[in-house]
Amino acid sequence: MLDIRYIKENKETVKKALHDKQLEGTVDIDELVNLHDTYSELLRKVELHRNLRNSLSKDISRVSPEEKAKLLDEAKNVKEELQEMEEELKNLKERIDGMMLWVPNVPAADVPYGENEEGNKVIKQDGTLPEFTFKPKDHLDLGESLGIIDTKRGAKLGGFRSYFLAGKGMLLEQAILRFALDHMIQQGFTPMNVPVMLDKKYFVGTGYFPWGSEDHYTTQEGQALVGTAEVSLTSYYADEVLDESQLPVLLTGQSPCFRREVGGYGKDTKGVFRVHYFTKVEQVVLLPEGEDLSREWHDKMLGYAEDILKALRLPYRVLLMCTGDMGAGQRKKYDIETWFPSQESYKETHSDSYFLEFQARRLNIRYKDREGKLKYVSTINNTVAATPRLLAAVLENYQQEDGSVSVPEVLRSYTGFDKIEPAR
RNA sequence: GGAGGGGUCGCAUAGUGGUCUAGUGCGGCGGUCUUGAAAACCGCUAUAGCCGCAAGGUUAUCGUGGGUUCGAAUCCCACCCCCUCCGCCA
């Protein structure tokens with residue numbers, strides 16, 4: 001959420017953000033500003049009227065019985081007038097609040113303009129592409145021949161985009177996750193196990209709602225299932241006031257992630273690349289205000305994710321996402337894409353975004369600065385490792401001519417084995 | 001799921017319709033005293049908005065949302081959360 005004062009003073013900037021993020025038509029900024037002006041004017045009138053009511057009430061309690069009757073009549077009139085005005089005020093407020101939720105964050109100055117993913121810029125590439133003396137299999141073929149990925153039975157039980165991981169595949173997944181978690185702990189992050197069914201307000205708070213509500217499952221109780229631990233971790237301090245000395249808050253959490261993947265029916269249909277349920281280690285940072293600081297941490301957190309890929313010796317590249325391919329709430333976003341030999345292309349495995357105060361305003365997370373002034377924190381989040389997608393990358397990149405898959409060296413102390421061989 | 005108790009200022013607690021403009025204690029900040037400190041004493045001690053150059057005034061907020069009333073922390077309704085006990089359960 002942006003400050004209404006900012007929106008009023010920077011109408012054209014906000015309109016441009018709507019346009020650049022391909023969100024035109026979702027909210028009318030002129031209408032919003034006009035409504036808010038009307039609201040402010042009415043609010044002033046209402047407050048004057050409340051003042052009148054309050055002073056009349058006070059008089060009634062002090063005055064003699066004879067005078068009382070007269071004042072009571074007057075007070076009743078004021079009350080009725082006030083009720084009408086307050087009704088209108090409430091309606092205005094609801095409309096404004098509803099519209100405010102649709103106002104996106106303004107992209108940072110260095111975010112390139114683009115209508116879709118084609119506008120993204122590759123800004124970094126790392127790792128040597130593996131060379132195979134044979135035609136590399138895709139992760140599903142590998143997983144099936146190794147007996148570690150079973151999408152057929154997954155689909156039998158849970159429908160399309162469900163899967164089983166079995167045996168050493170399951171253990172390798174756990175190794176990746178634990179390795180990733182350990183790396184973040186080494187960076188000073190606090191590991192967290194988080195709730196994954198949350199009140200919808202936290203999805204609004206993190207900016208997943210209203211834009212992405214279609215992609216979330218809901219419970220009978222009206223909660224939604226998280227698509228990422230970011231929602232839980234970022235909301236951890238919702239409605240709280242931190243002291244500046246507590247910042248930066250560094251959290252890492254592992255959680256199941258649930259995504260309906262509506263609108264993506266034809267996309268990535270093979271294997272376990274795009275699934276309804278996966279596991280992810282996420283990193284979230286809360287910072288004092290200041291864009292320079294956020295940018296510094298944004299890059300630093302990108303580095304933590306790169307560390308994982310480097311340690312796994314997986315080739316990857318980093319994309320600076322364009323306006324049309326970033327989230328409504330995001331200020332700037334990097335995606336990391338990891339090499340998938342079977343497709344001879346890089347595929348998204350990580351996403352790193354900073355928000356400035358956008359999420360903190362919605363979630364009401366503030367801190368007291370050194371002068372005792374209350375300010376909103378700035379938030380950033382990034383993937384550390386998401387499986388089975390990253391597992392799939394490991395399988396493909398580490399496959400051997402004999403059909404086996406060797407285990408990345410850094411994971412061997414976690415797995416206890418150094419290769420996965422074809423099932424008999 | 002059932003029964004009972006409870007949610008008030010940073011913390012603890014008082015407050016059953018009108019000086020509640022929310023009392024008191026603790027903590028915190030400032031001051032007096034002191035060589036210094038402690039103790040004692042005095043003062044201050046929320047957030048957001050509006051009007052105002054300022055001083056100040058004003059509106060809202062006692063878990064949340066409705067309602068009753070001229071007036072609600074206080075009465076009524078719904079919901080949320082916490083505690084105790086019972087049931088169920090990894």
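Order of the sequence lines fixes the chain letters, A, B, ..., with proteins taken first and strands second; residue numbering starts at 1 for each chain.
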Between [X] ([atom1]) and [N] ([atom2]), how many Å, whole number?
X	N	atom1	atom2	result
Lys200(A)	C79(B)	NZ	C1'	16 Å
Leu71(A)	U69(B)	CG	P	19 Å
His49(A)	G71(B)	NE2	C1'	15 Å
Lys201(A)	G63(B)	NZ	P	15 Å
Leu42(A)	A60(B)	CG	P	15 Å
Asp199(A)	C81(B)	CG	P	9 Å
Glu80(A)	G67(B)	CD	C1'	16 Å
Leu374(A)	G10(B)	CG	P	11 Å

Quick one: is [N] close enough that its OP1 or OP2 comes under 4.0 Å of any side-chain N or O from [X]?
X	N	answer
Lys79(A)	U69(B)	yes
Arg5(A)	G49(B)	yes
Asn51(A)	U58(B)	no

[N] pairs with which nucleotide, Watson-Crick or G-U wobble, both distances below 3.5 Å?
N	result
G25(B)	C11(B)
A55(B)	none
A78(B)	U64(B)
U84(B)	A3(B)

When the [atom1] atoms of [N] and [M] are considered, how many whole Å apart are they?
N	M	atom1	answer
C20(B)	A46(B)	C1'	16 Å
G57(B)	C62(B)	C1'	24 Å
G25(B)	A37(B)	C1'	25 Å
G63(B)	C80(B)	C1'	7 Å
A73(B)	A60(B)	C1'	15 Å
U19(B)	U58(B)	P	15 Å
G65(B)	G10(B)	C1'	27 Å
U8(B)	A14(B)	C1'	9 Å

Are [X] and [Y] near enough that their ring centres are under 6.0 Å apart?
X	Y	answer
Tyr367(A)	Tyr376(A)	no
Phe189(A)	Tyr304(A)	yes
Tyr334(A)	His298(A)	yes
His216(A)	Phe203(A)	yes

Taking all heavy atoms of Ile336(A) and all of Ala305(A), pick out the closest pair and write down the distance.
->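 The answer is CD1-CB, 3.7 Å.
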The side chain of [X] lies closest to which of these nucleotides: [options]?
X	options	answer
Arg50(A)	U59(B), G18(B), U47(B)	U59(B)
Ala75(A)	C70(B), A48(B), C51(B)	C70(B)
Arg53(A)	G49(B), U47(B), G71(B)	G71(B)

Looking at every strand, decide which applies to [X] at a 4.0 Å heavy-atom threshold: base, sugar-phosphate, or nothing.
X	value
Lys76(A)	sugar-phosphate
Leu48(A)	nothing
Asn54(A)	sugar-phosphate
Ile60(A)	base

Do Lys200(A) and Phe209(A) meet the cation-pi criteria used here (NZ or CZ under 6.0 Å from the six-membered ring centre, within 45° of the axis)?
->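 Output no; distance or angle outside limits.
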Establish, yes or no, whether the cationic atom of Arg153(A) lies under 6.0 Å from the six-membered ring centre of Phe164(A) and within 45° of the ring axis.
->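 That pair does not qualify as a cation-pi contact.
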Toward the 5' end of RNA chain B, which comes first, Arg366(A) or Glu87(A), by nearest nucleotide?
->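 Result: Arg366(A).
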Mapping Ser57(A) and Glu47(A) onto RNA chain B by nearest heavy atom, which one lands closer to the 5' end?
->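 The answer here is Ser57(A).
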